[in-house]
Structures are given as C-alpha cells and as structure tokens.
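Notes to accompany the following structure.
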Amino acid sequence: MPELPEVETMRRGVLAIVGGRITAVERVPCAVRPIAVRPRVDAFRRRAVGRIVAAVERLGKRVVLRLDNADAIVFEPRMTGLVLLADPPDREHLRFRLRLRGVRNRELLYWDQRGLGSVRMFRPAELDAALGSGTLGPDALNVTAAQLRDRLRTVRRPVKVALLDQHLLAGVGNLYASEILHVARIHPTQRCHRLTEAAWRRLHTALRSVLEEAIRYEGSTLADGTYRNVLNDPGGYQNHHRVYDRAGELCPTCRRVPIQRIVQAQRSTFFCPQCQGRTR
DNA sequence: CCCCAGTCCTGCGGGC
DNA sequence: TGCCCGCAGGACTGGG
C-alpha cells in the first residue's frame, strides 16, 4: 500500500545515505520466493559497487537512488515493500541489501512481505523509457491545477478509477483516492469529462492538502498493514482518515450519513453520499 | 484508445 | 480447533 506520502517519507529517510559509497550488493536468501531484481545480481553488483549515492528521488510510488554516474537504483515497494536503514520487521522477508561506506548508516535494506515489489537498476535512457514523462503522468504533489485538468478532462472513466492510473497522474493509490475525493466533495463515480471547472479546482486543492497532510504524519500504517518509515516506525495518518475503511461510520464532515463502500475496477471505494453529491 | 478481468504474492479473518 | 476460501491492491497483461 505505499502510495505517494509513504514513498515520499521513505525518500526523505533515505537522504541520510547521500554521499555514501556502495561497497556490496546482496540478494538476501529469504524463506519465501525471491523478488524481482534486475539485472541479475552479479551484473547489478558490477555496476553498483564503487559508485556514490548522489541523490535520492521519488518517481511516483518508487524510490530512486541516483548514482554519481547517473545510473539509478529503483525500489518499487508495491503492496508491502519497505526501504529501511534500521532493523526490518522480520528476517524471513528481507530481500535485498546494499552495504555503504562513508555515511553513518552502513546498510540499506529492502524488505517485502508479499514480494510483489522489485529492485531494478537503470541507465539514464532506460529509466526515461520505463518511468519517464512519456510513461508516468505528472507527479501528484507537483502537478498544477491546469495540468491536472488538461490531463484528465477528456477521460471518460470514473474520476476515482482515473486517479489510480499512474499514466495519467503519478503517486495516488487506492487509499488516498478516496480521501482526496471526499475533501474535494466529488462523487467517485462521476466521470472525468463531466467535471466542472469548480470541481477541477477543488480536486487540485484537495490533492495537495491531503497528500501534504499525510506526509506530515509520515503516511498511513493500517491495522493489518505493514508500512513503516526507514527507521521501522509506523506512520500516523491512519488516525486522520476521513473515509478509507470507515464504511458504516458517520461521515466526519456532515455527521449525518454513514460512509458507504462500493467497488470500482475491483477495488474498494469509500465516500459520503451526502457530502459527495447524489447527482454523480 | 478505452476499459475490464485475471495474475502475481502473503497473511489474515470469516465461516463452517 | 482446524481448514478453506476470499480479500487486501499496485502494476502489468490479454482480450473485447
């Protein structure tokens, strides 16, 4: 479930290793099936060892280590992946390790319970082809109101489903899509091409405010969730969710109507039928 | 292009 | 108590 706020929190934590030199690359033997690492570990090691971590960036829901030769190491956590500078939650799901010299943290770990995530290394042109602006939409934290509207206004899909499409907008996942639409007072089944100018402005404002608020709380750690920051501490935004996983509870805004759960594109959506309109 | 269903994966909780 | 099934969803694939 790491989405933009969780991955941004990871990125900020990983900044502590900028300036460090990579001394070793290991795929950690774990109790469960191995995750995807590309290229194969021996080639990965040849290219990474000796390089200095020059910057830590975020591309949508991925953490990118930019090396001093412009190559990039990309961690993609998907559902349960964690990038850690501290002890992992357990040993059996520890997947990958970079050892470092010249910085206080001597290793960076990748831990992934379900193993849907990956660690990949790219040359600059490969990174652009795989995750550049031709593939990934504008970042949800930096997109302007005009960019957001222009990018989505011809889409015929429901706005909740469109917000999950990383080719249209990068960073929003299932949890924050519901939260953002609630703050924006837009019904999740409303189709993008039918949204008014006022709705686009509300959506843009809500996008910024919800994501920034969630980053301030270092993301969401659900009851059954695994998300932790780089020090293996949970986030705090789950205590501030307005609608996500709160079906049946009274809407925190109107305090009159219970929050409703529906399924869109095989994913749960939560909303307030009162605050988010009944006309769609 | 657009959209949906199926797939990967593990752990958990409901139902019997 | 134990077992099975369904569910959680990010990103990708194949099909209509």
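Below, chains carry the letters A, B, ... as their sequence lines are ordered, and counting in each starts from 1.
Place A:Glu92 and A:Arg78 on DNA chain B by their nearest nucleotides, and A:Arg78 ends up nearer the 5' end.
The distance from atom CD of A:Glu76 to atom C1' of B:dC9 is 14 Å, rounded to the nearest whole Å. For A:Lys160 and B:dC3, the NZ to C1' distance is 15 Å, given to the nearest whole Å. When the C1' atom of B:dC12 is taken as reference, atom CG of A:Asp245 falls 14 Å away, rounded to whole Å. The CG-C1' distance, from A:Asn174 to C:dA11, rounds to 13 Å in whole Å. We find that CG of A:Leu168 is positioned 15 Å from P of C:dG10, with the value rounded to whole Å. Between A:Gln264 atom CD and B:dC3 atom P there is a gap of 13 Å when expressed in whole angstrom units. If you measure from atom CZ of A:Arg151 to atom C1' of B:dC1, you get 14 Å, rounded to the nearest angstrom. In this structure, A:Glu3 places its CD atom 15 Å from P of C:dA8, rounding to the nearest Å.
Side chains of A:Glu179 and A:His182 form no contact here, defined as non-hydrogen atoms less than 4.5 Å apart. The closest side-chain heavy-atom distance from A:Arg66 to A:Leu127 is below 4.5 Å. Side chains of A:Val183 and A:Ser209 form a contact here, defined as non-hydrogen atoms less than 4.5 Å apart. At a threshold of 4.5 Å between non-hydrogen side-chain atoms, the residues A:Arg151 and A:Leu169 do not count as touching.
Regarding contacts with the backbone of B:dG11, every side-chain N or O of A:Gln113 stays at 4.0 angstrom or more from both OP1 and OP2. Phosphate contact (OP1/OP2 of B:dC9, side-chain N/O of A:Thr80, threshold under 4.0 Å): absent. Using a 4.0 Å cut-off, no side-chain N or O of A:Arg156 falls inside it from OP1 or OP2 of B:dC2. Contact annotation: A:His93 reaches the phosphate of B:dG11 (side-chain N/O to OP1 or OP2, under 4.0 Å). Within the structure, a side-chain polar atom (N or O) of A:Tyr244 is placed less than 4.0 Å from OP1 or OP2 of C:dG9.
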For this session: Might you work through the ring pair (Phe, Tyr, Trp, His ring centres under 6.0 Å) test for A:Tyr237 and A:Tyr227, ending with a clear yes or no?
Result: CA-CA 11 Å; A:Tyr237 194 62; A:Tyr227 170 70; over 10 Å; no
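Scanning residues 114-123 of chain A for heavy-atom distances under 4.0 Å to DNA chain B yields A:Arg114, A:Leu116.
Side-chain proximity of A:Leu164 to the nucleotides B:dC4, C:dG10, C:dA11 is greatest for C:dG10. For A:Met79, the side-chain atoms get nearest to C:dG10 when compared with the rest of C:dC12, C:dG10, B:dC3.
At a cut-off of 3.5 Å, with distance as the only test, no side-chain donor of A:Arg114 or A:Thr80 sits close to an acceptor on the other residue. A donor-acceptor pair shorter than 3.5 Å cannot be found between the side chains of A:Thr226 and A:Gln113.
In terms of heavy atoms, A:Arg51 sits closest to A:Asp68 at NE-OD1, 2.6 Å. In plain terms, the two heavy atoms of A:Val56 and A:Val63 that are nearest each other are CG1-CG1, 4.0 Å.
The residue from A:Thr221, A:Val83, A:Asp233 that alone fulfils the side-chain contact (heavy atoms from CB on, under 4.5 Å) condition with A:Arg228 is A:Thr221.
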Polar pairs (N or O, both sides) under 3.5 Å between protein and nucleotides 5-7 of chain B?
{"unit_1": "B:dA5", "atom_1": "N7", "unit_2": "A:Gln266", "atom_2": "OE1", "d": "3.1"}

